[in-house]
S.K.: 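Before we start, here is the structure in question, set down as structure tokens.
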Protein chains: 2
Amino acid sequence: MSKSAVSLALTDLTVDAPCCPPLAQSRIPAETATVLAPAFKALGDPVRLQLMSMIASADGGEACVCDLTPAFDLSGPTISHHLKTLREAGLVDAERRGSWVYYRARPVIMRQLAGLLTID
Amino acid sequence: MSKSAVSLALTDLTVDAPCCPPLAQSRIPAETATVLAPAFKALGDPVRLQLMSMIASADGGEACVCDLTPAFDLSGPTISHHLKTLREAGLVDAERRGSWVYYRARPVIMRQLAGLLTID
DNA sequence: CGCCTAGGTTGACACTTATCTAAACCGCGT
DNA sequence: ACGCGGTTTAGATAAGTGTCAACCTAGGCG
């Protein structure tokens with residue numbers, strides 16, 4: 001499956017991977033590794049992986065913190081810290097609307113990561 | 001730990017693999033997150049990400065530690081430790097042939113991870 | 001307006017785990 | 001036995017994970 005020709009302008013800012021020839025195709029430059037490793041690191045925790053999934057698979061593409069928190073046996077601040085980690089890794093965006101904060105996945109970086117791991 | 005003492009069954013790695021409905025398609029079960037998060041965590045370090053790339057993109061699909069180590073400004077034991085992390089995460093296999101140890105990527109889990117991050 | 005409450009984030013702290021090195025060790029070939 | 005290639009152990013320092021308490025914002029009510 002060649003990703004190169006796939007993404008047209010389905011959504012406005014979904015520019016297809018300015019980077020990321022697959023990991024197994026050519027050796028990753030140190031800079032690229034330094035830039036992308038934090039994203040993998042952010043996904044390297046079961047709670048954050050589930051949070052990421054809940055956000056990305058949520059109806060309307062966004063999830064309220066008020067829906068995320070009760071799904072775990074963890075305190076509010078702890079979930080908030082994990083969400084901050086995902087935010088700082090560039091995996092999600094947060095937006096406040098009224099009293100509630102909504103999180104949304106950033107498809108570009110996710111495609112980058114998926115592309116990196118792609119194997120022929 | 002005699003996990004990689006000898007290379008017995010070459011492909012016994014079909015494992016539990018509740019593999020790969022994309023993260024953004026349906027919410028990941030806690031068990032799946034617990035199983036796969038360590039793999040992402042292992043990739044969450046610039047050195048290991050580069051190691052992974054060097055191994056996966058190596059000629060013949062395998063790389064000798066003697067070729068990996070000098071590519072970094074780190075001591076031998078440190079590289080060995082990172083390789084052990086990749087091994088324990090199930091991302092690579094090690095095999096000793098004579099004096100040298102060769103590492104090889106495990107495509108199944110890589111496809112699982114890539115599939116997880118896939119977005120329509 | 002002032003006061004209260006609910007939703008989230010931030011800060012400070014304890015505890016656990018990761019990263020790195022030097023030194024000791026193991027396996028293999030000469 | 002010796003040397004070389006890698007791994008393991010032990011130990012110091014840095015970073016991650018969790019909680020409670022304090023704080024900030026938005027909205028409801030007298």
Side-chain angles (χ1 to χ4, degrees), chain A residues 30 33-34 36-52 54-55 58 62-104, chain B residues 1-8 30 33-34 36-52 54-55 58 62-104:
Chain A
T34 303
L36 291 182
F40 283 119
K41 180 187 263 186
L43 294 175
D45 178 277
V47 173
R48 287 195 293 268
L49 200 50
Q50 288 181 78
L51 282 171
M52 196 66 210
M54 294 174 73
I55 293 168
E62 62 183 12
C64 175
V65 176
C66 61
D67 290 330
L68 298 174
T69 302
F72 299 87
D73 201 14
L74 293 169
S75 67
T78 297
I79 298 299
S80 189
H81 280 143
H82 281 303
L83 289 172
K84 183 179 186 179
T85 300
L86 290 174
R87 228 184 305 135
E88 292 178 341
L91 288 165
V92 298
D93 269 329
E95 181 192 356
R96 165 163 230 138
R97 288 203 303 274
S99 295
W100 298 275
V101 177
Y102 294 88
Y103 279 77
R104 182 177 289 272
Chain B
M1 181 174 309
S2 57
K3 176 180 183 179
S4 59
V6 184
S7 53
L8 0 140
T34 303
L36 292 182
F40 284 118
K41 180 186 255 184
L43 294 175
D45 178 277
V47 172
R48 287 195 295 267
L49 200 50
Q50 288 180 79
L51 282 171
M52 196 66 210
M54 293 174 72
I55 294 167
E62 63 183 12
C64 175
V65 177
C66 59
D67 290 329
L68 298 174
T69 301
F72 300 87
D73 200 15
L74 292 170
S75 67
T78 297
I79 298 300
S80 187
H81 169 258
H82 281 304
L83 289 171
K84 182 180 185 181
T85 300
L86 290 174
R87 228 185 305 136
E88 292 178 342
L91 288 164
V92 298
D93 269 329
E95 182 191 356
R96 164 163 233 139
R97 289 205 302 274
S99 294
W100 297 273
V101 177
Y102 294 88
Y103 279 76
R104 181 177 289 272

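Residue numbers start from 1 in every chain, and the chains themselves are labelled A, B, ... in the order their sequence lines are given, proteins ahead of strands.
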S.K.: When you measure from the side chain of A/D45, which nucleotide among C/dT19, D/dT17, D/dT8 comes out closest?
M.R.: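 Comparing C/dT19, D/dT17, D/dT8 against the side chain of A/D45, the answer is D/dT17.
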
S.K.: Given C/dG8, D/dG6, D/dG18, identify the nucleotide with an atom nearest to the side chain of A/C64.
M.R.: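 The closest nucleotide is C/dG8.
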
S.K.: Grab the CG-P distance between A/L43 and D/dG16 for me, whole Å please.
M.R.: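 So the two atoms are 15 Å apart, to the nearest Å.
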
S.K.: Roughly, in whole Å, what's the span from CG in A/L83 to P in C/dT10?
M.R.: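 After rounding, the reported distance stands at 11 Å.
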
S.K.: Starting at the 5' end of DNA chain D and moving along, which residue's nearest nucleotide shows up first, A/T78 or B/S80?
M.R.: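 Result of the comparison: B/S80.
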
S.K.: Is the shortest heavy-atom distance from the side chain of B/I55 to the side chain of B/L91 under 4.5 Å?
M.R.: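 No, too far: nothing below the 4.5 Å cut-off.
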
S.K.: Look up atom CG in B/D67 and atom CD in B/E62, then write down how far apart they are to the nearest 0.5 Å.
M.R.: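 It comes to 10.5 Å.
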
S.K.: Compare the minimum distances between each of D/dT8, D/dT19, D/dT7 and the side chain of B/K84, then state the nucleotide with the smallest one.
M.R.: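 The closest nucleotide is D/dT8.
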
S.K.: Taking only N and O in the side chain of B/H81, is any of them less than 4.0 Å away from OP1 or OP2 of C/dT21?
M.R.: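 No, outside the criterion.
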
S.K.: Without decimals, in angstroms, what is the distance between B/L74 CG and C/dA18 P?
M.R.: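 For the pair B/L74 CG and C/dA18 P, the rounded distance is 18 Å.
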
S.K.: Give A/F72 one of three labels, base, sugar-phosphate or nothing, depending on what nucleic acid heavy atoms sit under 4.0 Å from its own.
M.R.: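 No contact.
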
S.K.: I'd like to check B/F72 versus B/M54 (side-chain heavy atoms, cut-off strictly below 4.5 Å). Are they in contact?
M.R.: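 In contact.
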
S.K.: Between D/dG6 atom P and B/E95 atom CD, what is the distance in whole Å?
M.R.: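 Interatomic distance, CD of B/E95 to P of D/dG6: 14 Å.
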
S.K.: Mind calculating the distance between CG (A/L68) and P (C/dG7) to the nearest angstrom?
M.R.: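 My rounded result for the distance is 14 Å.
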
S.K.: Whole Å only: how far is the CG atom of A/D73 from the C1' atom of D/dG18?
M.R.: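 My rounded result for the distance is 12 Å.
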
S.K.: Taking only N and O in the side chain of B/K41, is any of them less than 4.0 Å away from OP1 or OP2 of D/dG16?
M.R.: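 Answer no for this pair, as no side-chain N or O of B/K41 is under 4.0 Å from OP1 or OP2.
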
S.K.: With a 4.5 Å limit on heavy-atom distance, are the side chains of B/V92 and B/L83 in contact?
M.R.: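 No, their side chains stay 4.5 Å or more apart.
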
S.K.: Using a 4.0 Å heavy-atom cut-off to protein, can you give one letter per nucleotide of nucleotides 24-30 of chain C, 5' to 3': B if the base is in contact, S if only the sugar-phosphate is, - if neither?
M.R.: ----SS-

S.K.: What is the separation between atom CD on B/E88 and atom C1' on D/dT8, rounded to the nearest whole Å?
M.R.: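 In whole Å, D/dT8 C1' lies 12 Å from B/E88 CD.
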
S.K.: Roughly how far, to the nearest 0.5 Å, is CG of A/L49 from CE of A/M52?
M.R.: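 CG of A/L49 is found 9.5 Å from CE of A/M52.
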
S.K.: Just to confirm, is there a sub-4.0 Å distance from OP1 or OP2 of D/dT19 to any side-chain nitrogen or oxygen of A/S75?
M.R.: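 Answer is yes, contact under 4.0 Å.
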
S.K.: Please work out if A/Y102 contacts a base, only the sugar-phosphate, or nothing of the nucleic acid, heavy-atom cut-off 4.0 Å.
M.R.: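 The residue A/Y102 makes no contact with any strand.
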
S.K.: Could you work out, with side chain to side chain donor-acceptor pair (under 3.5 Å) as the rule, every residue matching A/R87, not counting sequence neighbours?
M.R.: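 Result, side chain to side chain donor-acceptor pair (under 3.5 Å) vs A/R87: A/Y103.
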
S.K.: Minimum heavy-atom separation for B/A33 and A/P46, please, with both atom names.
M.R.: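 Residues B/A33 and A/P46, closest heavy atoms: CB-O, 3.6 Å.
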
S.K.: Find the distance B/W100:CH2 to D/dG6:P and express it as a whole number of Å.
M.R.: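 For the pair B/W100 CH2 and D/dG6 P, the rounded distance is 8 Å.
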
